[in-house]
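Just so you know, ligand 1 is whichever comes first in the structure, and atom 1 is the first atom listed for that ligand.
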Amino acid sequence: MRELRSEVLVLGAGPAGIAAAVSAERAGARALLVDMQAEPGGQIWRGQWNKATDSTARRWLSALRASPVEGRYGLRLVDVPAPGEFVFDGADGPLRVHCERAVIAAGARERLLPFPGWTLPGVFGAGGLQVLAKNGWPVAGKRIVVAGSGPLLLAAAASLRSLGAQIVLIAEQSGWRDLAAFGSGLLGTPHKVVQAAGLWRKLIGVPYRTGSWVTQALGDNEVRSVIVRRGRQIVQLDCDALAVGYGLVPNTEIARALGCELRDGAVWVDMHQHTSVPGVYCAGEGTGIGGIDQALVQGEIAGCAAAGRAELAATAQRRRRGSERFAAHLRRHFGLRAELRSLAQDDTVLCRCENVAFGAAKACSSMRDARLQTRLGMGHCQARVCGAACEFLFGWGAATPRPPLAPAGLSCFNLSTSAENPQEPT
Ligand SMILES: Cc1cc2nc3c(=O)[nH]c(=O)nc-3n(C[C@H](O)[C@H](O)[C@H](O)COP(=O)(O)OP(=O)(O)OC[C@H]3O[C@@H](n4cnc5c(N)ncnc54)[C@H](O)[C@@H]3O)c2cc1C
């Protein structure tokens, strides 16, 4: 297996990871930046490495290019066999990295909730369809309903529309009071108001309904229409695709595999982004959903601290308070309504990888019980989708992750060791 050594390993090359790696180098440490994507940028700066259109992206991507940070892309973390040891898998086979300190900046994913018809072809995550479309999936001329919750719906709808899609409706589950309070709370952060105004300009003429959610997707081989509920009002809308996502959930698998403490579903960190595990830092959406400003600020703080120069992040520390206020504001106004817990029927698929129905899962007492009884969460995605749904539907905590953290080649593992010490399934 190929081996590499680094002083500071930064896991994830989104805004938080880029800021951490660049800041660690500026603070005098040697940093290695690794990501499973083919180039740096993460979710929001996807595809901007060679042609950044956004000024913040341009600034940070140029800083990364100009810095001596060693970047390794197309490598996915699959195991953490020992403290300071990380195993990645990629097209050229596995890579083992030994490091003194690590910054986890693995971002977030969408929360998808089950409802009748959600597994039909043509039903996507809202951010997922945005990513696919940015990568070339054809949406021009398609009628798309965008639904779920949070500001990502607006960003997704604006991107899809700019690529030629016809947005039939944006259905936001939060009520108008929450939306109005969220909007007025942004007035203290002028650049957020400018961002929001920019999005709304791109969506002029698109119907936007608050207190509305999709209860069913209909179609034989693919989605043809959706049923949308708004209070007592129920409407059926024809469409070619549904883009639906109920906010974001922190990616915590890596931190959990390392034994880091979690609070409220996010990685706990101190003021220097240090987790409960010595030498392990976390920055960005993994510590709680807060958007790009929070990711950048936390990345700078984590990078300096991991380089042993926490004092260099004094300016970032001052900016941190504003980004934390925005994160709290998001949580307060985009909480999910209880009605979303009763959309799935007993025969609605909940775990797509293992084909486990909602009815079978709800008879279980915990994620571990559901794993043992039904294999829920034990397939390809390792509960990345159904785990977040179960947390909302049943209040279950996440199960302990086991290696491999993602599907990986056999050459990533020391097979003789695992054969001698077979472990019971968890
Ligand atoms: C699908 C989606 C679309 C989004 N679209 C928008 C948008 O249009 N506008 C907006 O303002 N915000 C958007 N967001 C939110 C935005 O991603 C964040 O605010 C911001 O990017 C957070 O930066 P980050 O560095 O914390 O995480 P990310 O940008 O998500 O970066 C995390 C990086 O970690 C890497 N990674 C994760 N696990 C592993 C692993 N096991 N091995 C190797 N690498 C790994 C990922 O490939 C990724 O590059 C979106 C989020 C999602 C999930």
Here the atoms of ligand 1 under 4.0 Å from any heavy atom belonging to A16 are 25 (O), 26 (O)
Side-chain donor or acceptor of T275 paired with backbone N/O of V280 under 3.5 Å: yes
Could you tell me which atoms of ligand 1, counted from 1 in the order shown, lie closer than 4.0 angstrom to a heavy atom of I44? 9 (N), 10 (C), 11 (O), 12 (N), 21 (O)
Verify whether one side chain among Q130 and S159 offers a donor that lies under 3.5 Å from an acceptor in the other. yes
I'd like to know if the side chain of H329 and the backbone of F182 have a donor-acceptor N/O pair within less than 3.5 Å. yes
Shortest protein heavy-atom distance from atom 40 (C) of ligand 1, along with the residue and atom involved: L77 N, 3.7 Å
Can you pull out the closest protein heavy atom to atom 27 (O) of ligand 1? Residue, atom name and distance to 0.1 Å, please. G107 CA, 3.2 Å
Numbered in order shown, the ligand 1 atoms found under 4.0 Å of a heavy atom of A105 are 32 (C), 33 (C), 34 (O)
Numbering the atoms of ligand 1 from 1, which are under 4.0 Å from a heavy atom of I292? 19 (O)
In terms of atom number and element, which parts of ligand 1 are under 4.0 angstrom from non-hydrogen atoms of A295? 22 (C), 23 (O), 26 (O)
Does L248 approach ligand 1 within less than 4.0 angstrom via side chain, backbone, both or neither, non-hydrogen atoms only? side chain
Please verify whether a non-hydrogen atom of P15 lies at under 4.0 Å from ligand 1. yes
Distance from R384 atom CZ to Q382 atom CD, nearest 0.5 Å? 7.0 Å
How would you list all residue pairs meeting side chain to side chain donor-acceptor pair (under 3.5 Å) that involve residues 107-119, not counting sequence neighbours? R109-N251, R109-E253
Closest approach of any protein heavy atom to atom 31 (O) of ligand 1, naming residue and atom: G14 CA, 3.4 Å
Donor-acceptor side-chain pairing of Q298 and T287 below 3.5 angstrom: yes
Using a strict threshold of under 4.0 Å (side-chain N to carboxylate O), is an ion pair present between R341 and E339? no
Name all pairs fulfilling the side chain to side chain donor-acceptor pair (under 3.5 Å) condition that reach into residues 192-204, sequence neighbours left out, sorted by first residue then second. K192-D293
Which residue in the set Q294, E300, Q273 passes side chain to side chain donor-acceptor pair (under 3.5 Å) when paired with R320? Q273
Under 4.0 Å from any heavy atom of A155, which atoms of ligand 1 are there? 7 (C), 8 (O), 9 (N)
Residue pair T56 / R59, side-chain heavy-atom distance below 4.5 Å: yes
heavy-atom search around atom 22 (C) of ligand 1 in the protein gives E285 CG, 3.4 Å
P151 and ligand 1 - part of the residue with a heavy-atom distance under 4.0 Å: neither
Given that the side chain starts at C-beta and the backbone is N, CA, C, O, which of these parts of A106 lies under 4.0 Å from ligand 1, counting heavy atoms, or is it both or neither? both
Top protein contact for atom 33 (C) of ligand 1, by heavy-atom distance: D35 OD2, 3.4 Å
Check each of Q43, Q195, R384, Q294 against atom 17 (O) of ligand 1 and report the one with the nearest heavy atom. Q43
When the ring planes of W396 and F394 are compared, do they come out parallel, tilted or perpendicular, using 30° and 60° as the limits? tilted
Could you list the atoms of ligand 1 found under 4.0 angstrom from a heavy atom of G12? 33 (C), 34 (O), 35 (C)
State if L405 counts as touching ligand 1 under the rule of any non-hydrogen atom under 4.0 Å. no
Measuring from atom CD1 of I170 to atom CG of L154, what distance do you get when rounded to the nearest 0.5 angstrom? 5.5 Å
Could you tell me whether a side-chain N or O of Q173 sits under 3.5 Å from a main-chain N or O of G335, the two making a donor and an acceptor? yes
Residue pair E172 / S149, side-chain donor-acceptor N/O under 3.5 Å: yes
May I ask you to check whether M36 has an N/O atom sitting below 3.5 Å from an N/O atom of ligand 1? yes
Check A108 against ligand 1 and report side chain, backbone, both or neither, counting heavy atoms closer than 4.0 Å. backbone
When you measure from atom 14 (N) of ligand 1 to every protein heavy atom, which one gives the shortest distance, and what is it? L152 CD1, 4.2 Å
Shortest reach to atom 3 (C) of ligand 1 by a heavy atom, considering only Q130, Q37, R76, E253: Q130
Sub-4.0 Å atoms of ligand 1 with respect to non-hydrogen atoms of G284: 26 (O)
Out of curiosity, is N251 lining ligand 1, as in a heavy atom under 4.0 Å away? no
